Amino acid sequence: MDTLLIKGGRRLNGTIAISGMKNAALPILFACALNSEPCILHNVPEVSDVETTLHILAASGCTVTRLSPTTVEINGASFRAGTSPATAVSTIRASSYLMGVELGRFGFTRIAFPGGCKFGVARPLDYHTRAFEIMGAEMEVSGQGFYGEAPEGLREGKIILDMASVGATVNIMLAAVLTHGTTVIGNAAREPHIVDLANFLNMCGARILGAGTSEIRIDGVSKLHGCHYTVIPDMIEAGTYMCAVAGTGGRVTLTNVIPKHLESIISKLTEMGVTVEEGEDRITVISTGHLKGATITTAVYPGFPTDMQPQFGALLCVAQGMGIINEKIWDNRFAYLDEIAHMGVTVTRSGNTAWFPGGQKLQGSSVAATDLRGGAAMVIAGLLANGITEITNPHFIDRGYDDLIGKLRTLGAYIDRREVFPESTPITVNARS
Ligand code: UD1
């Protein structure tokens with residue numbers, strides 16, 4: 001069990017490169033299992049969710065070769081449906097994409113319950129299973145997980161999502177790529193990672209139109225071919241460092257970004273008093289560290305991302321004036337506020353709204369990462385706090401932040417990782433005879 005140690009109060013300055021986007025890399029990696037030819041993916045982030053995905057793919061028969069730390073070759077020729085390892089599947093949410101892949105390629109799927117960060121009573125997959133049923137599969141949910149079959153293969157269909165779900169849009173695209181006829185997704189998610197998945201699949205010979213709009217049409221093809229593809233930069237990783245420098249003050253340039261994807265984050269930081277200079281593939285964030293309160297309402301893309309809400313929550317604690325967060329995507333995504341409370345800050349909550357009185361001081365303390373982005377919020381809170389903050393459960397943060405410590409140190413932060421031995425494992429020292 002490790003912990004992160006942060007000594008707060010340092011301004012951040014310098015330049016760092018943003019890694020590939022976890023939420024684009026995971027569906028693209030699973031999509032490789034639709035393909036009997038090898039695909040080479042570049043700009044794959046070194047994060048634990050990618051490691052888990054590669055493990056699942058290898059255990060299911062894919063040949064996985066790391067060509068460099070951020071380049072992976074996947075050959076799905078020997079991929080087998082229904083053979084994914086339950087333990088790994090149950091640790092990430094993206095493993096649900098195996099259902100679309102397996103049904104689309106083999107007309108059969110069996111997977112354990114996918115895991116991932118827990119917010120909301122449960123993170124449902126009913127849109128996914130309903131869509132597969134519209135496409136002709138019989139789906140069953142049991143104590144073991146999900147089972148589905150379409151002995152004649154899937155068929156084309158029109159699926160209108162109740163909500164523009166990222167996961168369901170991905171899963172339907174994966175299921176439809178090799179399905180005869182035209183599948184239409186109405187009220188589709190428009191996130192950049194949806195466009196990236198479509199671009200990757202189209203480069204492999206798929207015919208997907210309209211990704212990035214709310215109607216996606218997939219004309220099925222009989223097979224895919226291999227390709228080289230570069231994953232887009234991670235807008236949430238970029239947004240997290242933007243929040244960090246906004247709070248500490250300083251001047252930080254982020255390279256390897258797509259500024260267009262950051263519009264809602266830039267707009268909110270600007271409203272809070274931060275200067276953001278945009279280049280073609282870089283941005284520079286300049287902050288005095290004196291922030292104004294703001295109201296944030298999460299929404300589907302291009303609205304304000306739910307995955308940035310906790311990081312802004314850390315900023316709203318110290319900003320001058322009232323701040324409000326309305327979380328509209330997930331119930332119960334405020335667990336991180338219980339941890340921030342240990343740092344001497346009071347936030348009022350009711351349902352999915354939180355009120356930050358602002359102008360408070362964060363005091364270093366021992367806190368936990370409650371989930372991936374909640375953990376990122378604690379890192380930012382630690383950077384802004386007086387004294388030392390110790391964050392337990394950093395494995396949540398490892399899921400989505402490539403070289404967090406190295407990047408923050410490059411910017412001048414005091415941050416370290418400490419290995420803590422479990423009490424049940426006494427360290428024995430052999431006596432000299
Ligand atoms: C969501 C976020 C994504 C973020 C991820 C992890 C949105 C639209 N999606 O993606 O940006 O990276 O969480 O934080 O912001 N829903 C159902 N049934 C389903 C699927 C979804 O009711 O079968 C509901 C969910 O309860 C939720 C909403 O739809 O309220 C959006 O869910 P979805 O986009 O599918 O979640 P993720 O793909 O995990």
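Every value quoted in this text rests on a predicted model; they were computed, and no experiment measured them. Note that ligands are numbered from 1 as they come in the structure, with each ligand's atoms numbered from 1 the same way. No hydrogens, no waters, no symmetry mates; every other heavy atom, side chains included, goes into these values. For reference, positions follow the sequence shown, starting with 1.
For the residue pair Thr284/Thr253, the side-chain donor-acceptor check at 3.5 Å is satisfied. In summary, the side chains of Asn326 and Asn352 do not present any donor paired with an acceptor at a separation below 3.5 Å, with no hydrogens or angles considered. Counting only N and O atoms by type, the side chains of Glu102 and Thr109 include a donor and acceptor under 3.5 Å apart.
Note on ring orientation: taking the six-membered ring where Trp is involved, the planes of Phe30 and Tyr97 are perpendicular (angle over 60°, cut-offs 30° and 60°).
Counting heavy atoms from C-beta on, the side chains of Val44 and Ile28 never come closer than 4.5 Å. Side-chain atoms of Arg93 and Leu125, non-hydrogen and from C-beta on, do get closer than 4.5 Å to each other. Counting heavy atoms from C-beta outward, Ile56 and Ile92 have side chains that approach closer than 4.5 Å. Residues Trp330 and Gln309 are not in side-chain contact: their nearest non-hydrogen atoms beyond the backbone lie 4.5 Å or more apart.
Both the backbone and the side chain of Val166 come within contact range of ligand 1, each with a heavy atom under 4.0 Å. Counting heavy atoms under 4.0 Å from ligand 1, residue Tyr301 does not touch it at all. If you look at Thr298 next to ligand 1, there are no close heavy atoms at all, none under 4.0 Å.
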Inset, instruction - Using the side-chain contact (heavy atoms from CB on, under 4.5 Å) rule, take Lys407 and Leu411 through it: C-alpha gap first, then chi angles, then the decisive distance, then the call. - result: CA-CA 7 Å; Lys407 289 183 185 184; Leu411 300 179; 5.9 Å; no
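Heavy-atom proximity to Arg93, at under 4.0 Å, picks out these atoms of ligand 1: 39 (O). Every atom of ligand 1 with a heavy atom of Gly167 under 4.0 Å away is listed here by number and element: 35 (O), 38 (O). Which parts of ligand 1 touch Ala164 is read off a 4.0 Å heavy-atom cut-off, strictly below it: atoms 8 (C). Proximity to Pro124 (heavy-atom distance under 4.0 Å) selects the following atoms of ligand 1: 17 (C), 18 (N), 19 (C), 20 (C), 22 (O), 23 (O), 26 (O). Close approach to Met163 involves these atoms of ligand 1, each under 4.0 Å from a residue heavy atom: 28 (C), 29 (O), 30 (O). Each of the following atoms of ligand 1 lies closer than 4.0 Å to a heavy atom of Leu125: 23 (O).
Residue-to-ligand polar distances keep His193 apart from ligand 1: every N/O pair is separated by 3.5 Å or more. In terms of polar-atom proximity, Ser165 is counted as a contact of ligand 1, with an N or O under 3.5 Å from an N or O of the ligand. Here's the thing with Ile329: one of its N/O atoms is less than 3.5 angstrom from an N/O atom of ligand 1. An N or O contact shorter than 3.5 Å links Asn23 to ligand 1 by distance. Not one N or O of Val300 is nearer than 3.5 Å to an N or O of ligand 1, by distance alone.
For the atom pair Ile296 CD1 and Met272 CE, the distance stands at 6.0 Å (nearest 0.5 Å).
Residue Arg333 places a heavy atom under 4.0 Å from ligand 1.
Remark: among candidates Trp330, Tyr127, Phe304, the nearest residue to atom 1 (C) of ligand 1 is Trp330, based on non-hydrogen atoms.
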